[in-house]
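Notes follow the structure.
In each ligand, atom 1 is the first atom listed, and ligand 1 is the first ligand listed.
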Amino acid sequence: MIQKYIFGTYIETEAVVKEIAESVGQIPYLTKESDHVFTYQMGEDDIVYGLGESIRGMNKRGWVYEAYCNDDPNHIENIRSLYGAHNFFLVDGAETFGVFVDAPQKVQFDIGYTEREMMKITIAEGGYVIYIVEGDSPSEIVREFRSLIGRSYIPPKWAFGYGQSRWGYKNEADIRKVAEEYRKRDMPLDSIYLDIDYMERYKDFTVDKEKFPDLKGLAEDMKAQGIHLVPIIDAAVKVEEGYEVYEEGLEKGYFCKKENGDVFTAGVWPGKSHFPDFLNEEARQWFGKRYKVLLDQGIEGFWNDMNEPAIFYSEDHMREVFEKLEEYKSKNLDVDTFFAMKDLVLQTANRAEDYRSFYHNYKGENICHDRVHNLYGYYMTRAAQEAFEHLEPEKRILMYSRASYIGMHRYGGIWTGDNQSWWSHILLNIHQLPGLNMCGFLYTGADLGGFGSDVTEDLLMRWLELGIFTPLMRNHSAMGTREQEIYRFGNEEVFCNILGLRYALLPYIYSEFMKAVLKEEMMFRPLAFIYPKDVQARNVEDQLMVGESIMIAPVYTQNAKGRYVYLPEEMKLYRMRSEADMDVEVLSAGHHYVKAELNETLIFIRPDHIVPLAKAGQCVEKIDVSKLWLLSFIKDGAQYELYDDDGYSKDYNVEAHLTKITVEKDGRVGIDGAMKSECVVV
Ligand code: GLC
């Protein structure tokens, strides 16, 4: 059951798709302390799940989080915001309920930070809506919530293949080289990413003709090898005379303006830029149509970036900075003055004052950006997807974004931004997955291997062993860091096998993803969602249930040759060295130390469950499903419903796309439905 409470005059976010009548009277569970503050007294054993991609553990207790989309590459424990604003959480304990604070302005969730057992929600100035979601279990509550916010975005099937990316591929030759290195080693690959260097001086919707003289030809050649090119699009538009997007945007009034009516100018990658007013429907359509330039060159996927929006500096503030520096020139720089000067120069990015200094034309009203900050990336991605529906109505186009708000999950996926090549960030990746799924973000993944810092071979292997399970599986790294394409390292065979395992598992990953989307379920669940009565399962923060059959326990510590794993029930462990090389053991319920060498991925199968493995191919299209090897743990017999479709059209009829695979107690195998594969139990 969902109840809706309206407080003040709120700004419509379009996060919700279901019509719900407003409830009157006192809001349940929460105590209203003042116009913008609510509290909840948490019980000793309550767990708080949710808040999407935010920092820290799966259980969010013990920190303060701020929903305010933030371009911060330091994903360390003491920050409060990352790129997304995902205001849904779920309390599981003495009382079990979900809360969605639908507010595009800043919202703070103090979950036992100020006072250990107290939750305090503080919403910045302006109206808002709160939805209270009830159900019999956490899973039921999430399902209810997801039905409120609408169906998650579905990418093309090739986007479940492995992608190679690096901020640093400068030209066509670099791209061809990556493809060649993969293909000559028979390593699977479905996409290569184009970062900002493909553009002419970082101008959206342009291609640098010197570096990429024939993008269309390149895209065709790549596609012939089963590889898709995926270019980046940044939010801000470069100020440059003669640049059509800039000139048209300016002429039509599609950029955000300051209070005095001047267009707001700030620096991002291209230097001085303007910010398209994605909240203005006309501007949104205008920007969306621009993707056509690239679609026309054979491009079928994009990533939207810098759309919090990231601001390196604003023109107005820079003027103040330079004036102040002039003053400092003649000063005796004592300790306070010196540090004040340093801060002045170092703290020009993403300033609250800048976000308060420009405006949107939203539904005919002039609204200060600060009030709708969290909608910016969402509406940029919406601009693209709405245009795709018009330009390519029959086809799925890959789209994912860095900034997001709940509601954007209908228009695209997200990646989790600029992480680091740190072991702790593998764990952070594990923590983020269920929170994201709750909020509708199913097509998601981290920069595998880490974006910033120097990677090591073992870290990359371990991270990929987790990435095998995430719908978006992309290796991405920053300029200046150690090169991290898998062929840069000695152990090519191990990397090949890890990727091979992903491709062999792909029918399961795709099937579980699609079922999660269509049935409004989570693909990654905390153990407690499946084993609610198991007190120990409630404390597990580094294992996940992936779809209906698998539990994973990724290794995320340096030099470890195994790890402790908690099994809420007896399970069968497949220790996979490749799609065809594995050993198998049955482990009883309880705690175990489980060995996992660097080349081994642990897959735990639940009793009476099945996981089909296909024969991997060099790209998703070449995966051979004519024979399926069934990983299974049979006690009384099991059935698995495998969802499959053509992977690019938009017919998602579940019944038509399901194949039922059964394994009887005596080992007999059956298959019934759209697929006619031969099945063998392994
Ligand atoms: C941002 C993105 C990163 C990208 C870089 C250059 O930091 O998060 O993925 O490589 O910009 O475009």
Side-chain angles (χ1 to χ4, degrees), residues 53 55 69-76 79 81-84 163-171 174-175 178 191-208 211-212 229-238 266-271 273 275 294 301-313 348-350 376-377 380-381 398-404 408 412-422 425 428-429 432 441 443-455 463 467 470 472-485:
E53 81 177 342
I55 209 80
C69 299
N70 191 17
D71 167 30
D72 188 341
N74 293 308
H75 304 182
I76 49 176
I79 64 166
S81 317
L82 282 173
Y83 311 89
Q164 182 61 62
S165 183
R166 179 166 172 89
W167 176 21
Y169 298 153
K170 289 248 173 296
N171 51 34
D174 285 353
I175 302 296
V178 174
S191 49
I192 301 180
Y193 284 74
L194 301 179
D195 207 315
I196 46 176
D197 293 302
Y198 81 89
M199 295 183 248
E200 189 187 271
R201 292 186 293 285
Y202 308 136
K203 291 184 296 188
D204 279 341
F205 312 114
T206 68
V207 177
D208 187 315
K211 299 189 216 154
F212 289 87
L229 292 183
V230 186
I232 195 169
I233 301 291
D234 282 348
V237 168
K238 184 175 174 65
V268 204
W269 299 127
S273 309
F275 292 81
L294 291 155
F302 302 88
W303 45 313
N304 277 350
D305 193 22
M306 309 302 278
N307 50 3
E308 294 70 28
I311 292 180
F312 295 166
Y313 63 86
T348 61
N350 309 325
Y376 195 74
M380 176 189 183
T381 299
L398 171 63
M399 164 50 66
Y400 61 89
S401 166
R402 193 171 71 176
S404 59
M408 201 205 84
I414 57 171
W415 91 101
T416 53
D418 299 348
N419 58 11
Q420 304 275 340
S421 301
W422 296 343
H425 278 185
L428 176 62
N429 191 180
Q432 288 171 323
F441 293 97
Y443 188 75
T444 185
D447 285 351
L448 300 172
F451 175 74
S453 309
D454 291 330
V455 75
W463 210 330
T470 59
L472 166 62
M473 186 189 190
R474 177 179 78 145
N475 174 339
H476 180 50
S477 57
M479 204 159 46
T481 60
R482 183 179 183 183
E483 286 167 316
Q484 84 184 28
E485 295 82 10

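Partners of Asp447 by salt bridge (Lys or Arg N to Asp or Glu O under 4.0 Å), not counting sequence neighbours, listed by chain and number: Arg474. Lys211 is linked by a salt bridge (Lys or Arg N to Asp or Glu O under 4.0 Å) to Asp208, counting only residues two or more places apart in sequence or in another chain. Among residues two or more places apart in sequence or in another chain, the side chain to side chain contact (heavy atoms under 4.5 Å, CB included) test is passed with Ser81 by Glu66, Tyr68, Asn70.
Ring geometry, Phe451 versus His476: the interplanar angle falls from 30° to 60°, so the pair is classed tilted.
Atom CD of Glu200 sits about 14.5 Å away from atom CZ of Phe205, to the nearest 0.5 Å.
In this structure, Tyr193 has its ring center no closer than 6.0 Å to that of Trp167.
Protein residues lining ligand 1, listed by chain and number: Trp167, Asp195, Ile196, Ile232, Trp269, Trp303, Asp305, Met306, Arg402, Trp415, Asp418, Phe451, His476 [non-hydrogen atoms, distance under 4.0 Å].
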